[in-house]
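Report on the structure given below.
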Protein chains: 2
Amino acid sequence: MVSDMPFPYKKMTEEDFAYLRSVTAPERVWVGDEIAREYYHDEMPEYGVFPPELYVEVLDKQEVSTIMKYAWEQNIPVVVRGAGTGLAGGANCKYGGILLSVMKMNKMISLDKANMTMTVQPGMLLTEVAAAAAAEGLFYPPDPGEKTASIGGNVITNAGGMRAVRYGLTRDFVRCIEAVLPDGEIVQFSSNVVKNTTGYDVKDLVIGSEGTLCILTEVTLKLMPAPKFTRTLVMPFENLESCIDMVPRLLQMAAVPTAIEFLERELIDIVERNLHKLLPVKEGDAVLIVMYDAGSEQELLSACTEASDAALEAGAIDVYIADTPERIASVWSVRSAILEGMKAESVAQEECDVVVPRAKIAEYVRLAKGIGAKYGIRVEPCGHAGDGNIHTEMLRDASMSDEDWIKGTRACLTELYGVSKRFGGQLSGEHGIGNGRLEYLKPFVGDRMYKLYQSIKLAFDEKLILNPGKIITFEE
Amino acid sequence: MVSDMPFPYKKMTEEDFAYLRSVTAPERVWVGDEIAREYYHDEMPEYGVFPPELYVEVLDKQEVSTIMKYAWEQNIPVVVRGAGTGLAGGANCKYGGILLSVMKMNKMISLDKANMTMTVQPGMLLTEVAAAAAAEGLFYPPDPGEKTASIGGNVITNAGGMRAVRYGLTRDFVRCIEAVLPDGEIVQFSSNVVKNTTGYDVKDLVIGSEGTLCILTEVTLKLMPAPKFTRTLVMPFENLESCIDMVPRLLQMAAVPTAIEFLERELIDIVERNLHKLLPVKEGDAVLIVMYDAGSEQELLSACTEASDAALEAGAIDVYIADTPERIASVWSVRSAILEGMKAESVAQEECDVVVPRAKIAEYVRLAKGIGAKYGIRVEPCGHAGDGNIHTEMLRDASMSDEDWIKGTRACLTELYGVSKRFGGQLSGEHGIGNGRLEYLKPFVGDRMYKLYQSIKLAFDEKLILNPGKIITFEE
């Protein structure tokens, strides 16, 4: 199947431009140099800066379908762009062609209170989705760090976030997807039902496929009753090992924590030093921040008491309880400021977001720092202790040469992925593969699995016109 | 791709038999008439009775791999059998070939308390999995009606069950799958991690694929802390509509019910009349049975009180609270005995298990009964009110001719699926497609989606040797 490849793609002509203007609107089409430079890349220009040949803002699924039918016939690559907040180089036009923005498809179609679901267009922002649910006393739990992301982007990358410990990932909140296939056909994956064994589970395959299999045009999301009470505990420990050992204990309790994050003291210092945000706990080499939500005050109190007692018994130096909105916000502001703090203390950053079995977090962190040290790169892992997803930041010192940085980060990444694999982990827990991690995927998953990924891609898109060159490639 | 079909398959020879004995063991291989008749079908002989050419009981993944490599080369179809409790005609050898039983691969490989997971072979029974978790104070929540099912069968069909309202489906408890592909390669889908955006989500695609994409050889399951307290409420209502209207109210409360089942009075009467199992509530045309689990007695009490108060406010005639293990078991024994009761009052049964948006349950039930009446068939819907999955039983009266029964059920099914589709529902919520519902799938999902299913099947199994003719077919 791989032999008759469609490369090279058609170079777009004035005729193509005219056709696309005619099926959308001239004022929503830009070509060549008219296209803003920010659309050449996502949040990570390091992972690719590529000019689209044409940029179009679509209004509805019919436009998407018409464009795809044309692109399919004409062999023109199409890349979909949401808010452009991806961190894997997933939304750039590596092979030129059409950049299709869904940011004008940003409406809520309906909110169904009886079934507790909300149907939205992909360009609606995550914050808008959360706010629309809250306005009806309901709750959309997924909470990835990047609040200005589009909901379509969240679904197509299966965005995670801190609250995944209790509530799960974006995937767990997608009931139904309407999408346009690469040949322009409009299909629906599942419907507004709670379970489904009708044919293959294409819905879950499409979630996290980074725009390589289809274009989302509508998504139905599951909502929940909003939790009424919340509290955050800060637990400092003497060292990282005892801090991480606390995680399984917390997860074995009856009340499931909403979030469990860990921070080492040196990261807290970075934030305090550079951004003057202070954590209300001064001791301990490693700190666990634990959030609980509950439907009643009684339930919340009993969860927090059990967790505090267990932490002190397990060697926590102290347990600080943030129980007002201000105190809670203040604790979490330190966690949120880490990346900003690290940026203040380095001239460039590279990162990976491996996920390892939870019991392996401390060991991974120690090894990661050692690996960085070998290449003269400061490595600062932190993040989601509750699900083993470690954001491993590499910091470039001002004195480091370009060559050392590039070689060093590459060597670091290779070793870090090796450690993750050895620990039974995965290459990425949240950010995906995109264009930025292509070279690491095949060695990680193996040749046969990679071939299966290729076959799956071809099952949807045998002409390879949808977001080509992302996740997998077909070049030998 | 569909043009160069591998049909007809190779008819197996003495040489094939000898080879398969040599790579397994002669005492684990049966051929031709040596094969027990029960292996010609699953729990539903109505959906196909087909003799395998060879039946083999495998011991490990290497044997599975070796057999598949041979079958792939020789173009011999292979069907995997677990406990044979499927209800869709999924595990029969429609095209002869090899029936591969995994029931001797029935060990627990490991139980990881820190990560709260259990790794098992596919032939372990669901009851054994639940018991092994319980022995460590942990909990494996999925609880489909058929307790003698194999865990591999549960995973490959994405089994549901009553506790899905709170805990989710089998899918939600599968961390990782080791499988053999049709060409004999051993692969792993994800690993023992909580989240993963590394390549396509093949794990979820494979779950529910009814043995058509790969053969499970090992599964890692997520476990939970065992809930310590449980109670069951029985809420009788004047009529079905007010009974079903209660469901969204329950789901909007802070405490999520573990199970919400509905029964109409005529079904309760059937059970009481035939099996002498009595529900402790005599009034009301429709009854809701609601289960709550909790980590503390306080939490349980507050959930039950809130639910009871709301039910009485919404017109429940009464709320009976089962709060001892005996009383709880007694209530649920009525629910479990429905099928047995219906069997006692009919000479044959046909069923469908559509899933509809929860708010549509009452309307579906009314329409379903009317549809049955048109064809002289008694239709008794009941089941999972909490997730809209309605087991719609059709009962054959002794006086009905074969022709009327066959024509009538077919006409009923066509109409019932039509209603489900119109309501935004799905064809099957739990039982799957198998061989029994083939003809209904394509009209339900549409030509383009069906073609996508075919492409996905070919991406895994271009020779169509793994459980051929199930879920989808390739004949024109």
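Throughout, protein chains are lettered first and strands after them, A, B, ... in sequence-line order, and every chain is numbered starting at 1. We use all heavy atoms of the structure for the numbers below, so side chains are in, but hydrogens, waters and symmetry mates are not.
Taking chain A as the reference chain and counting heavy-atom pairs below 4.5 Å, the highest number among B:Val355, B:Leu213, B:Leu138, B:Ile471 is found for B:Val355. Counting heavy-atom pairs under 4.5 Å between each of B:Gly446, B:Ala164, B:Ser190 and chain A puts B:Ser190 at the top. With chain A as the partner, the residue from B:Gly429, B:Pro227, B:Ser209 showing the most heavy-atom pairs under 4.5 Å is B:Gly429. The candidate with the highest count of non-hydrogen atom pairs below 4.5 Å against chain A, out of B:Phe189, B:Tyr453, B:Phe460, B:Tyr440, is B:Tyr453. Highest contact tally toward chain A, considering only B:Val445, B:Thr212, B:Asn196, is held by B:Asn196 [criterion: heavy-atom pairs under 4.5 Å]. Heavy-atom pairs under 4.5 Å with chain B were tallied for A:Gly432, A:Gly295, A:Ala254, A:Gly208; the largest tally goes to A:Gly432. Each of B:Met224, B:Met449, B:Arg437, B:Lys451 has some count of heavy-atom pairs under 4.5 Å with chain A, and the biggest count is that of B:Met449.
Interface remark: B:Leu181 contributes side-chain atoms only to the contact with chain A (heavy atom separation under 4.5 Å). When heavy atoms are compared at a cutoff of 4.5 Å, B:Thr117 does not approach chain A at all. Contact of A:Leu223 with chain B is not made at all, since no heavy-atom distance falls under 4.5 Å. Within the 4.5 angstrom heavy-atom criterion, only backbone atoms of A:His431 (N, CA, C, O) approach chain B. Of the two parts of A:Gln298, only the side chain, counted from C-beta on, holds a non-hydrogen atom closer than 4.5 Å to a non-hydrogen atom of chain B. Heavy atoms closer than 4.5 Å to chain B are found in the side chain of A:Leu441, but not in its backbone. With a 4.5 Å cut-off on non-hydrogen atoms, A:Ala255 does not touch chain B at all. Residue A:Asp183 touches chain B through its side chain alone, counting heavy-atom pairs closer than 4.5 Å.
Residues B:Asp201 and A:Asn158 form no side-chain contact, since every pair of their non-hydrogen atoms from C-beta on lies 4.5 Å or further apart. Put simply, the side chain of B:Asp204 reaches to within 4.5 Å of the side chain of A:Arg171, judged on heavy atoms. Two residues are said to be in side-chain contact when any heavy atoms from C-beta on lie closer than 4.5 Å; A:Val187 and B:Leu452 fail this criterion.
Here CD of B:Glu185 is found 9.0 Å from CG of A:Asp447. Values are rounded to the nearest 0.5 Å. Within the model, atoms OG1 of B:Thr197 and CG of A:Leu169 stand 9.5 Å from one another, a figure rounded to the nearest 0.5 Å. With rounding to the nearest 0.5 Å, the separation of CG in B:Asn192 from CD in A:Gln426 is 10.5 Å. Rounding to the nearest 0.5 Å places NZ of A:Lys421 at 9.0 Å from OG of B:Ser191.
Among all heavy-atom pairs drawn from B:Val193 and A:Gly425, the shortest one is CG1-CA, 3.9 Å. Across every non-hydrogen atom of A:Ala459 and B:Ile456, the tightest pair is CB-N, 4.0 Å. For A:Pro248 against B:Ala114, the heavy-atom pair with the smallest separation is CB-O, 3.4 Å.
Between the side chain of A:Ser428 and the backbone N or O of B:Thr198, no donor-acceptor pair lies under 3.5 Å.
Shown are B:Asp172, B:Asp353, B:Asp387; of these, the salt bridge (charged side-chain N to carboxylate O under 4.0 Å, His left out) with A:Lys195 is made only by B:Asp387.
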